[in-house]
Amino acid sequence: MTMTSRRIFLKQGAFAFVTLGFAPSFLARTASAAGGDGRRRQLIAIFQRGAVDGLSMVVPFGEADYYRARPSIAIARPGGDEAAALDLDGFFGLNPRLRPLEPLWRARQLAIVHACGSPDSTRSHFDAQDYMETATPGVKNTADGWLNRYLQARREQQATPFRAVSLTTQLPRMLQGRAPALAVSQLAQFGIRGQAGDAAGASFEAEYAAAADALLAGTGRDAFSAMKMLKAADPSRYQPANGADYPRSPFGQALRQIAQLAKSDVGLEVAFADIGGWDTHVRQGAAQGQLATRLDDFARAIAALAADLGDRMDDTVVLTMSEFGRAVTENGSGGTDHGHGNAMFVIGGGVRGGRVYGRWPGLAVERRHDGRDLAVTTDFRDVFSEIVARHLGVADPRAVFPGYDVQPAKYPGLFAAA
Amino acid sequence: MAVFFTFAPRHRSNRPMKPILVIGIAFCAIAAGSTVAGTAGPAAAGDEATIVHVLNRAGYGARPGDVDRVRTIGLRRYIDDQLHPDRVPDPAMAARLADLTTLRMSSSDIARDIERPQVEARRARKQQGANEPPPQPPPPDPVQQKANSVVVELSEQKILRAVYSERQLQEVLTDFWFNHFNVDARKGRDRFLLTEYEREAIRPHVLGRFRDLLGATAKSPAMLFYLDNWMSADPNGPHLEMRPPRVARGPFGGRVLVPATPRPQPQGKNAPKGLNENYARELMELHTLGVDGGYTQHDVTEVARAFTGWTIENPQRGAGFRFEPRRHDAGQKIVLGRAIKAGGGESDGELVLDILATHPSTARFIATKLARRFVSDTPPPELVERAARRFRDTDGDLREVTRTILISPEFLAAAARGAKVKTPFEFVASALRASGAEVEDARPLVRELQQLGMPLYMCQPPTGYADAADAWVNTGALVNRMNFALRLSSNRLPRVTVSDIGAHANTMLVEPISESTRTTIAKATDPAQIAALTLGSPEFQRR
């Protein structure tokens with residue numbers, strides 16, 4: 001979407017609210033923020049909780065060691081039937097159940113960073129998720145998440161209650177911190193509920209509107225503005241665009257709601273969703289089975305999101321991550337145990353896609369981390385910091401990544417340097 | 001004295017609430033500002049506003065009738081009693097907790113009766129799963145549910161005690177100190193260890209000596225597991241532990257000398273591989289000195305060396321602390337400039353705890369945190385200094401430090417009134433108390449607290465939950481609080497019943513009450529709505 005058409009859309013959107021009798025107080029602020037010097041950039045962060053098997057997502061079919069290590073769960077080399085990997089670059093292939101993402105790769109909107117992860121070698125889901133969300137590997141008492149530090153680093157005078165939204169019941173660690181962020185699992189349920197909900201809502205609103213308590217009054221006003229906006233947008237009647245077909249799964253519905261917020265022009269800048277079920281110690285499967293089913297949901301939901309956002313993908317990055325990868329060698333139960341390096345997807349119109357980034361360490365035993373896991377050659381903070389700097393436009397992202405030597409030279413190169 | 005803690009029979013009926021004229025009158029009285037000393041300046045001890053303030057801070061807020069009871073026994077006496085919970089009869093509490101059977105179990109009982117059956121069931125399921133595809137969706141698993149019940153029952157206990165215990169200050173301090181020495185139930189086996197941890201490492205010491213509390217947490221399996229010290233080992237180990245030579249009966253009846261032999265070494269992938277600094281760092285940063293308390297990374301490493309070998313005896317059986325000499329780094333350590341001689345073994349860790357517990361930075365850090373809990377997010381420096389001095393003068397007597405704060409002019413000052421935003425837990429507990437709710441089953445409230453963003457016993461970082469307003473004031477959380485107020489007031493929380501809810505509303509809010517809240521409540525007629533608007537108001541979010 002060009003700048004002009006964006007402005008027209010925004011005007012129409014604002015007009016629609018006015019005609020419905022709702023004029024959320026922050027809508028004017030949003031309009032002015034988007035109409036300023038820069039385009040509003042968005043980041044949609046997706047966490048695959050439980051440690052997805054990156055070697056099954058992005059298959060190094062060029063490595064004989066891969067097939068030796070995984071006699072029953074490897075994804076076949078490209079060129080065979082539907083169970084074979086989809087050739088990306090002659091060495092890596094996409095899991096066939098990630099086929100919905102293939103068009104994004106062909107359109108050079110999907111980049112992959114492989115052998116990516118943490119310098120800390122913990123194999124605890126708990127600690128590794130914590131380190132990835134705070135972006136301080138090895139340091140447990142970091143007060144806030146890195147997405148929240150981003151929100152703090154780029155103070156937004158015009159911030160709306162929807163600047164940072166997590167489609168989860170509780171705010172993830174990544175978004176916890178001093179900057180406001182909203183956790184809401186169902187947009188349609190964000191409001192005062194019950195038989196007398198509307199009357200009670202109006203009364204609560206009156207209490208908070210003129211409260212002497214500045215902190216609570218301001219938050220209360222934003223809460224009621226947000227409720228009205230959502231009511232006007234009527235989440236239950238949302239129609240995705242461009243034939244986007246979201247899975248009915250919780251993850252699919254979370255991404256659908258993110259798209260809806262993004263398209264409502266309510267000031268969304270950072271969105272978060274997560275998807276579990278990746279801890280495949282037993283009977284992982286290959287092109288069919290447990291892991292394949294999760295990947296199918298994952299890929300169809302993201303593909304639907306990208307289609308639904310349409311031109312907005314020019315200003316959006318979708319980033320996927322998981323706390324660590326899984327061991328190279330399959331275990332005795334047809335599954336994989338906790339490992340180290342993993343693969344991340346970075347999707348967006350501004351991404352230099354169609355490439356697998358990162359130095360590939362190889363799968364020979366002596367090349368592995370601890371002799372068993374895919375080694376890490378790209379620190380995940382290099383990916384995060386490049387996105388914060390070159391996509392979200394923070395000139396100096398060091399405050400977002402305390403204790404880390406952020407260096408443009410270490411960026412994978414997912415975006416053109418400014 | 002006991003008479004003041006005897007309460008009228010609780011409302012056990014489930015009858016729906018009736019609109020009662022007196023409720024409206026009570027609120028009109030608030031609106032007119034006639035029942036609460038609003039702008040009278042620093043109030044004389046014993047006036048209503050001061051009593052409400054003390055009940056809000058030294059406890060989880062006033063129940064109907066509490067203000068009169070405290071006035072009768074006197075505020076100073078009330079605070080003194082709260083500082084000696086053994087003097088406060090609490091006869092009804094045991095009955096309320098009777099059904100929560102895991103509360104009284106040891107960690108080894110829990111491991112044997114709950115954890116191991118769960119592990120075995122999971123193993124059996126995996127073996128079965130190797131032959132057939134898993135059913136979709138999986139049916140509810142009774143063994144798994146029982147495993148989850150340990151933390152659920154612990155959470156129910158926390159809510160029930162906060163709402164009903166007469167020993168309110170003990171509950172506030174148990175919450176405070178658990179949070180100070182936070183352990184997250186979601187980290188592996190910790191969900192089976194927290195019951196004993198709170199009951200034996202935290203609760204008995206909250207008004208005792210800080211050093212005892214520190215030592216109890218340091219040796220608790222819950223903390224050893226949470227901050228990984230149980231697997232910390234000298235990277236140059238494992239060291240041989242010699243069985244001393246002994247005299248035994250020989251094969252032909254004679255006596256022979258059996259030479260010293262090394263004991264078997266731990267092996268396999270779970271054998272400890274090296275030094276783990278997590279506990280050492282958090283011990284200084286979060287438990288004692290504070291982040292600016294004057295230690296270096298070198299001190300962290302030295303402290304970690306001192307604690308090598310502090311581990312868990314037979315973790316799968318839920319056993320307790322054990323010192324493992326084979327993992328211990330026996331060399332000399334220098335901690336905060338003080339030498340710990342080589343060869344001290346287990347006592348190295350004890351010496352470190354002694355050094356930290358008596359360090360002036362610790363006194364100051366603990367005094368600051370307590371003053372922040374009881375007085376304001378930015379506590380007056382003079383008060384912090386007095387409390388820190390009391391800590392040093394009494395060798396870390398927490399009863400005396402707490403008393404110093406609770407009887408201070410800063411605590412009773414008008415500026416402190418309503419200065420704190422309630423955490424979700426404080427909000428829920430105080431709403432239940434203010435409304436005189438009868439909780440037959442606290443599990444719905446455990447779920448409510450998850451919705452409100454404060455899942456009990458599940459704070460991920462070792463920092464614990466924040467004790468400052470900005471962590472708890474955001475749009476989503478505020479909407480959830482209003483919805484909770486509505487559900488509670490209209491009896492829509494399952495197995496939680498309120499009756500005559502608005503009748504004692506004059507203790508629900510802290511002055512000053514803003515004009516918008518007064519007029520909004522005055523316009524409402526339905527008592528459930530009046531109560532909801534009171535509990536969901538900006539004023540009730542503060543204490």
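Letters A, B, ... mirror the listed sequences (proteins, then strands); counts begin at 1. What's counted below: heavy atoms across the whole structure, side chains too, no hydrogens, waters or symmetry copies.
When all heavy atoms of B:Thr475 and A:Ala223 are compared, the pair lying nearest together is CG2-N, 3.6 Å. Taking each heavy atom of A:Leu215 and B:Ala469 in turn, the nearest pair found is CD2-CB, 3.9 Å. Heavy atoms only, all atoms of each residue included: B:Asn278 and A:Gly138 are closest at OD1-O, 4.0 Å. Across all their heavy atoms, A:Ser203 and B:Thr520 have their closest contact at O-CG2, 3.3 Å. Minimum heavy-atom separation, B:Lys187 to A:Phe126: CD-CD2, 3.7 Å. In plain terms, the two heavy atoms of A:Leu216 and B:Pro538 that are nearest each other are CD1-O, 3.4 Å.
Residues that satisfy the salt bridge (Lys or Arg N to Asp or Glu O under 4.0 Å) test with A:Arg49, not counting sequence neighbours, are A:Glu133, A:Asp274. Partners of A:His338 according to the ring pair (Phe, Tyr, Trp, His ring centres under 6.0 Å) rule, which considers only residues two or more places apart in sequence or in another chain, are A:His125, A:His281, A:Phe324.
In this structure, B:Arg487 and A:Arg193 have side chains that are in contact, with non-hydrogen atoms separated by less than 4.5 Å. Residues B:Asp228 and A:Lys140 are in side-chain contact: their nearest non-hydrogen atoms beyond the backbone lie under 4.5 Å apart. Residues B:Gln450 and A:Thr169 are not in side-chain contact: their nearest non-hydrogen atoms beyond the backbone lie 4.5 Å or more apart.
The backbone N or O of A:Gly191 sits less than 3.5 Å from a side-chain atom of B:Asn483, completing a donor-acceptor pair. Between the side chain of B:Ser516 and the backbone N or O of A:Glu207, at least one donor-acceptor pair lies under 3.5 Å.
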Open item on the list: Go through it in stages, so that I can follow the logic: the residues are A:Phe204 and B:Leu486, the test is side-chain contact (heavy atoms from CB on, under 4.5 Å), and I'd like the CA-CA distance, side-chain angles, deciding distance and then a yes or no.
Closed with: CA-CA 11 Å; A:Phe204 278 129; B:Leu486 275 170; 4.0 Å; yes
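With rounding to the nearest 0.5 angstrom, the CG atom of A:Asn141 is 7.5 Å from the CZ atom of B:Arg281. Rounded to the nearest 0.5 Å, atoms CD (B:Gln460) and CG (A:Asp130) are 4.5 Å apart. Going from atom CG of A:Leu171 over to atom CG of B:Asn474 covers 7.0 Å, rounded to the nearest 0.5 Å.
For B:Leu533, the parts lying under 4.5 angstrom from a heavy atom of chain A are both the backbone and the side chain. With a threshold of 4.5 angstrom between heavy atoms, B:Gln529 approaches chain A through side-chain atoms but not through N, CA, C or O. Neither the backbone nor the side chain of B:Phe484 comes within less than 4.5 Å of any heavy atom in chain A. If you measure heavy-atom distances from A:Ala209 to chain B, you find no contacts under 4.5 Å at all. Proximity to chain A (any heavy atom under 4.5 Å) is shown, for B:Asn480, by neither the backbone nor the side chain. With a threshold of 4.5 angstrom between heavy atoms, B:Glu277 does not approach chain A through any atom at all.
With chain A as partner, the option from B:Val473, B:Asp470, B:Thr463 having the largest number of non-hydrogen pairs under 4.5 angstrom is B:Val473. Most heavy-atom pairs under 4.5 Å with chain A: of the set B:Ala466, B:Pro455, B:Gly453, this distinction falls to B:Pro455. The choice from A:Gln129, A:Arg178, A:Arg173 that makes the most heavy-atom pairs within less than 4.5 Å of chain B is A:Arg173.
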